[in-house]
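Worksheet: one structure, shown below.
Below, read A as the first sequence line, B as the second, and so on, with proteins coming before strands; counting in each chain starts at 1. Quick caveat, the model's predicted, so the values are computed rather than measured.
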Amino acid sequence: DIQVTQSPSSLLASLGERVTITCQTSQSISNNLNWYQQKPGQAPMLLIYYATSLQTGMPSRFSGQYSGRSFTLTITSLEPEDIANYFCLQHYSAPYTFGAGTKLELK
Amino acid sequence: QVTLKESGPGILQPSQTLSLTCTFSGFSLSTYGMGVGWIRQPSGKGLEWLANIWWDDDKYYNPSLKNRLTISKDTSNNQAFLKITNVDTADTATYYCARIDYYSSYPDYWGQGVMVTVSS
């Protein structure tokens, strides 16, 4: 199975701050990685697909980049509604595997 | 509008069979390219892909649990099902279903999950 290492596991940030979350995969997966946002008691929502594409309807302050096996999710300016858990998913090969998640909280 | 909702027993005892239902709307599992996957997350732990089923009834099972899983669908009622046999406390988790598109290969819409506790 492809291992996905996500960091940090938790993050304290201030409103307006730039936030970066990273996932590193154990082998090359091209761009087959997605980012999801999940708020307590709600369904996960697709944020970024194929590493860099913003899902329709999601704010443009979210962006994704990748280089080799390293993938990043960036929030350019943190808004209150961005407080949530974030996780990545590799869909390059089965079984699909996930990052452990990042809990983003307000400082 | 695509929605999915999971349902399950809430609590069951070790060695029993867990039966989960995913009831969805906004798409059909008889449509070419559509699929539903099941994913779980034990409390405080990471997500784990369990199984998925496609419009043509092709199925995939995570090898780590393959012998215990059975996935199926009822296209006329827009439902997908997952059974896990011989459960134990390690199967205590929140279980999610999600829609998958065959051509994109990833889950795009998820349900909010259902909590299942295995306890004697």
Task: 4.5 Å side-chain heavy-atom contact, B:Tyr96 and A:Gln38 - done: yes

- [ ] Find out if a path of hydrophobic residues (ILVMFWY) with successive side-chain heavy-atom gaps under 4.5 Å connects A:Trp35 to A:Leu78.
- [x] yes

Open item on the list: Measuring from atom OH of A:Tyr96 to atom CD1 of B:Ile39, what distance do you get when rounded to the nearest 0.5 angstrom?
Closed with: 10.5 Å

Open item on the list: So which atom in B:Asp108 and which in A:Leu46 form the shortest heavy-atom distance, rounded to 0.1 Å?
Closed with: O-CB, 3.8 Å

TODO: Following the transitive rule for hydrophobic clusters with a side-chain heavy-atom cut-off under 4.5 Å over Ile, Leu, Val, Met, Phe, Trp and Tyr, establish whether A:Leu104 and A:Ile48 coincide in one cluster.
DONE: yes

Task: Hphob cluster co-occupancy, A:Tyr92 + B:Tyr103, side-chain heavy atoms under 4.5 angstrom - done: no

- [ ] Please state whether the rings of B:Trp49 and A:Phe98 are parallel, tilted or perpendicular, taking 30° and 60° as the class boundaries.
- [x] parallel

Task: Under 4.5 Å from any heavy atom of chain B - which part of A:Phe87 - done: side chain

Task: Distance (rounded to the nearest 0.5 Å) between B:Asn62 CG and A:Asp1 CG - done: 6.5 Å

Open item on the list: Using heavy-atom distances under 4.5 Å, tell me whether B:Ser64 contacts chain A through its side chain, its backbone, both, or neither.
Closed with: neither

Task: Approximate separation, where rounding is to 0.5 Å, of B:Tyr106 OH and A:Tyr36 OH - done: 7.5 Å

Task: Heavy-atom pairs under 4.5 Å with chain B, option from A:Pro44, A:Gly41, A:Ala100 with the top count - done: A:Pro44

TODO: Take atom NZ of B:Lys45 as the centre, draw a 6.0 Å sphere, and report whether it contains more than 12 heavy atoms from other residues, nucleotides or ligands.
DONE: no

Task: A:Glu79, CD: over 12 other non-hydrogen atoms inside 6.0 angstrom - done: yes

- [ ] Answer yes or no: are there more than 12 heavy-atom neighbours, outside A:Tyr50 itself, under 6.0 Å from its atom OH?
- [x] yes

Task: Non-hydrogen atoms of A:His91 and B:Ser105 that approach each other most closely - done: ND1-OG, 2.9 Å

Open item on the list: Test of understanding: clusters of I, L, V, M, F, W, Y form through side-chain heavy atoms closer than 4.5 Å, transitively. Do B:Val2 and B:Trp54 belong to the same one?
Closed with: no

- [ ] May I ask you to list the residues in residues 3-20 of chain B that approach chain A closer than 4.5 angstrom, counting heavy atoms only, ordered by number?
- [x] none

Task: Which of B:Pro63, B:Gly113, B:Gly111 touches chain A most, by non-hydrogen pairs under 4.5 Å - done: B:Gly111

Task: Which atom of B:Pro107 lies closest to which atom of A:Asn34, heavy atoms considered - done: O-ND2, 4.4 Å

Open item on the list: Is B:Tyr61 in contact with chain A via its backbone, its side chain, both, or neither, using a 4.5 Å heavy-atom distance?
Closed with: neither

Open item on the list: Are B:Leu65 and B:Ile53 linked, directly or through intermediate hydrophobic residues, by side-chain heavy-atom contacts shorter than 4.5 Å (ILVMFWY only)?
Closed with: yes

